[in-house]
Amino acid sequence: MPVQAMTQQATRHARRVYVGGLSPTANEQSVATFFSEVMAAIGGNTAGPGDAVVNVYINHEKKFAFVEMRSVEEASNAMALDGIIFEGAPVKVRRPSDYNPSLAATLGPSQPSPNLNLAAVGLTQGFSGGLEGPDRIFVGGLPYYFTEAQIRELLESFGPLRGFDLVKDRETGNSKGYAFCVYQDLSVTDIACAALNGIKMGDKTLTVRRANQGATQPKPEQESILQHAQQQIALQRLILQPQGVPTKVVCLTQALNVDDLRDDEEYEDIVEDMRQEGGKYGELVNVVIPRPNPNGEPSPGVGKVFLEYSDVEGSKKAQVAMNGRKFGGNQVIAVYYPESKFAERDYDG
């Protein structure tokens with residue numbers, strides 16, 4: 001066997017990295033191209049010009065690959081890519097099971113270079129802003145128009161966050177559509193993943209799971225927390241959804257306690273409060289707050305507030321300002337209401 005081939009064989013265990021969590025569409029060529037490109041982007045190539053990846057073996061059934069690099073040093077640099085997004089999801093980058101640390105230490109550096117430009121590929125030293133560990137959550141499929149505050153509010157339906165990192169494009173500062181977070185109370189990690197994963201937000205579907213492993217189910221004793229959190233999410237989804245074609249009528253829900261509408265004086269105060277608040281954004285033509293029937297029969301639109309403006313400009317300002325606001329501890333949802341239905345006093349839409 002030629003000397004070069006013997007050297008390659010002896011160093012292979014230290015030149016290969018394990019990549020787990022691949023998408024079903026991944027193939028040898030796409031993996032090789034991706035890792036060669038990101039290695040070049042972070043400045044991880046140390047063996048001269050050309051591609052860092054020399055060979056890829058994929059196990060499609062178990063969704064992992066062995067990626068062989070040209071040199072031991074480049075393989076060590078590739079270890080810094082743990083959690084990088086490939087085809088829309090984070091992948092694990094690990095040493096293969098046949099890696100021999102003591103032998104590898106004689107062949108070249110065993111740690112990534114501290115000078116790698118990980119920010120060029122949306123990573124930072126220590127797992128995305130220091131959010132390391134098994135309880136780090138990947139949140140993908142976020143609509144690009146979501147603000148950092150909106151995403152945090154959605155995630156905090158389950159409890160306060162210890163860390164949060166919305167990944168942004170370095171050039172534009174715009175969201176890349178995914179984030180990482182860690183909860184202060186680690187016991188809610190699986191609850192958050194189970195509740196958020198797969199829900200639709202605008203035109204996208206969220207992918208939410210532990211960043212370094214597949215989804216796990218919450219324990220039975222956590223079910224009540226999960227149920228409550230899902231109710232909160234349903235509310236947040238409505239608040240964050242685009243609200244359709246503007247009309248002159250804005251409908252507020254979640255703004256009132258229905259019991260307060262039964263008392264005449266209380267009702268008049270509520271109408272006046274809504275008139276004053278709504279009047280800040282434009283000329284109000286009408287304020288309608290349906291009341292419950294005294295006989296207990298269902299009454300259309302109870303619990304809603306309808307604000308009719310003289311023009312769409314006023315209703316637009318009101319919808320933006322009041323959507324997500326809190327009135328008496330309730331978080332309000334403000335949507336546009338069809339003018340024809342409002343004119344016909346159809347408040348059930």
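All values derive from a computational prediction rather than experimental measurement.
For the pair Lys92 and Asp82, the minimum side-chain heavy-atom distance is below 4.5 Å. A 4.5 Å side-chain heavy-atom check between Arg210 and Thr189 finds at least one atom pair inside the cut-off. Two residues are said to be in side-chain contact when any heavy atoms from C-beta on lie closer than 4.5 Å; Val38 and Ile84 meet this criterion. Put simply, the side chain of Ser315 does not reach to within 4.5 Å of the side chain of Tyr337, judged on heavy atoms. The side-chain heavy atoms of Phe180 and Ile137, taken from C-beta on, include no pair separated by under 4.5 Å.
Other residues sharing a hydrophobic cluster with Leu107 under the 4.5 Å side-chain heavy-atom criterion for ILVMFWY residues are Val72.
With values rounded to the nearest 0.5 angstrom, Asn77 atom CG is found 9.0 Å from Met69 atom CE. Here the straight-line distance linking atom OG1 of Thr25 with atom NE2 of His60 works out to 10.0 Å at 0.5 Å rounding. Remark: Ile270 CD1 to Ile289 CD1 distance equals 6.5 Å, nearest 0.5 Å.
For Lys317, there are no side chain to side chain donor-acceptor pair (under 3.5 Å) partners, not counting sequence neighbours. With sequence neighbours left out, Glu283 forms a salt bridge (charged side-chain N to carboxylate O under 4.0 Å, His left out) with no residue at all. In this structure, the salt bridge (charged side-chain N to carboxylate O under 4.0 Å, His left out) partners of Arg262, at least two apart in sequence or on a different chain, are Asp259. Every residue two or more places apart in sequence or in another chain that forms a side chain to side chain contact (heavy atoms under 4.5 Å, CB included) with Ala321 is listed here: Tyr281. For Ser310, there are no side chain to side chain donor-acceptor pair (under 3.5 Å) partners two or more places apart in sequence or in a different chain. Every side chain to side chain donor-acceptor pair (under 3.5 Å) that Gln29 has, sequence neighbours left out, goes to Thr33. When the side chain to side chain donor-acceptor pair (under 3.5 Å) test is applied to Asp263, no partner is found at least two apart in sequence or on another chain.
For residues 54-63, no pair satisfies salt bridge (charged side-chain N to carboxylate O under 4.0 Å, His left out), with sequence neighbours left out. Listed by first then second residue, pairs satisfying ring pair (Phe, Tyr, Trp, His ring centres under 6.0 Å) with a partner in residues 17-43 read Tyr18-Phe64, Phe34-Phe86, not counting sequence neighbours. Identified under the salt bridge (charged side-chain N to carboxylate O under 4.0 Å, His left out) test for residues 96-107, with sequence neighbours left out: Arg16-Asp98. Screening residues 27-54 for salt bridge (charged side-chain N to carboxylate O under 4.0 Å, His left out), with sequence neighbours left out, gives no hits.
The backbone N or O of Lys248 sits nowhere less than 3.5 Å from a side-chain atom of Glu308 that would complete a donor-acceptor pair. Judged purely by atom type and a 3.5 angstrom limit, Ser76 uses its side chain to pair as donor or acceptor with the backbone of Pro109. Within the 3.5 Å criterion, the main-chain N or O of Gly282 finds no donor-acceptor partner in the side chain of Glu313.
Classified by interplanar angle (parallel below 30°, tilted 30° to 60°, perpendicular above 60°), the ring pair Phe66/Tyr57 is parallel.
Taking hydrophobic clusters as Ile, Leu, Val, Met, Phe, Trp and Tyr residues chained together by side-chain heavy-atom distances below 4.5 Å, Val271 shares a cluster with Val305.
By the neighbour-count criterion of 12 heavy atoms within 6.0 Å, atom CZ of Arg291 is densely surrounded, having more than that number from other residues, nucleotides or ligands.
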